[in-house]
Amino acid sequence: MADAAGKFFQKAEKMRVAYGFKRAMAQVPARHVRSVRSAICGLVCLRNYYYLLRGEKPMFPDMQEKIASILQRNGLPAPVEFDCYEWQYEW
């Protein structure tokens with residue numbers, strides 16, 4: 001009986017989802033802004049870059065790590081803080 005229930009139920013674990021990184025980009029030295037945008041566009045298309053920048057699309061933890069790494073390589077001090085955070089269930 002317990003095995004059958006396992007098929008229909010998942011653990012209700014929360015993850016911290018970030019929105020936007022305009023404030024972080026404002027701290028990047030001007031000479032590195034183009035390379036940051038190019039590196040992030042290597043992860044997502046240009047349209048999604050702007051959606052992520054403005055906080056119109058969520059950044060899940062794996063994307064947060066990638067973007068934070070790019071920002072740190074280009075002069076932003078650690079830890080990188082995104083504009084807003086929200087807790088969501090991981091389904």
Asks: So how far is it from Glu86 CD to Lys14 NZ, rounded to the nearest 0.5 Å?
Replies: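 That separation rounds to 10.0 Å.
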Asks: Kindly work out whether a path of hydrophobic side-chain contacts (I/L/V/M/F/W/Y, heavy atoms less than 4.5 Å apart) joins Leu46 to Met59.
Replies: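 Result: yes, single cluster for both.
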Asks: Give the table of side-chain donor-acceptor pairs shorter than 3.5 Å for residues 78-85, with sequence neighbours excluded, one pair per line with atom names and distance.
Replies:
unit_1: Asp83; atom_1: OD1; unit_2: Arg23; atom_2: N; d: 3.2
unit_1: Asp83; atom_1: OD1; unit_2: Arg23; atom_2: NE; d: 3.4
unit_1: Asp83; atom_1: OD2; unit_2: Phe21; atom_2: N; d: 3.4
unit_1: Asp83; atom_1: OD2; unit_2: Lys22; atom_2: N; d: 3.0
unit_1: Tyr85; atom_1: OH; unit_2: Phe82; atom_2: N; d: 2.9

Asks: Counting only pairs under 3.5 Å, give me each side-chain donor-acceptor contact of residues 31-43, with atom names and distances, residues two or more places apart or in other chains.
Replies:
unit_1: Ser35; atom_1: OG; unit_2: His32; atom_2: O; d: 2.9
unit_1: Ser35; atom_1: OG; unit_2: Asn74; atom_2: OD1; d: 3.0

Asks: So for atom CD, which belongs to Gln88, do other residues, nucleotides or ligands contribute more than 12 heavy atoms lying within a distance under 6.0 Å?
Replies: yes
Asks: What heavy-atom pair brings Gln64 and Ala18 nearest, and what distance separates the two atoms?
Replies: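 Minimum heavy-atom separation between Gln64 and Ala18: NE2-N, 3.2 Å.
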Asks: Are the side chains of Phe60 and Val17 in contact, using a 4.5 Å heavy-atom criterion?
Replies: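 They are in side-chain contact.
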Asks: Quick one: are Glu13 and Tyr89 in side-chain contact, heavy atoms under 4.5 Å?
Replies: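 Result no, sub-4.5 Å side-chain heavy-atom pair not found.
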Asks: As an exercise, state the distance from CE of Met25 to CG of Leu71, rounded to the nearest 0.5 Å.
Replies: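 The distance works out to 7.0 Å.
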Asks: Between Val44 and Met63, is any pair of side-chain heavy atoms under 4.5 Å apart?
Replies: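 Side chain of Val44 against side chain of Met63, heavy atoms only: contact under 4.5 Å found.
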Asks: With clusters defined by side-chain heavy atoms of hydrophobic residues (ILVMFWY) lying less than 4.5 Å apart, directly or transitively, does Tyr19 cluster with Tyr51?
Replies: no
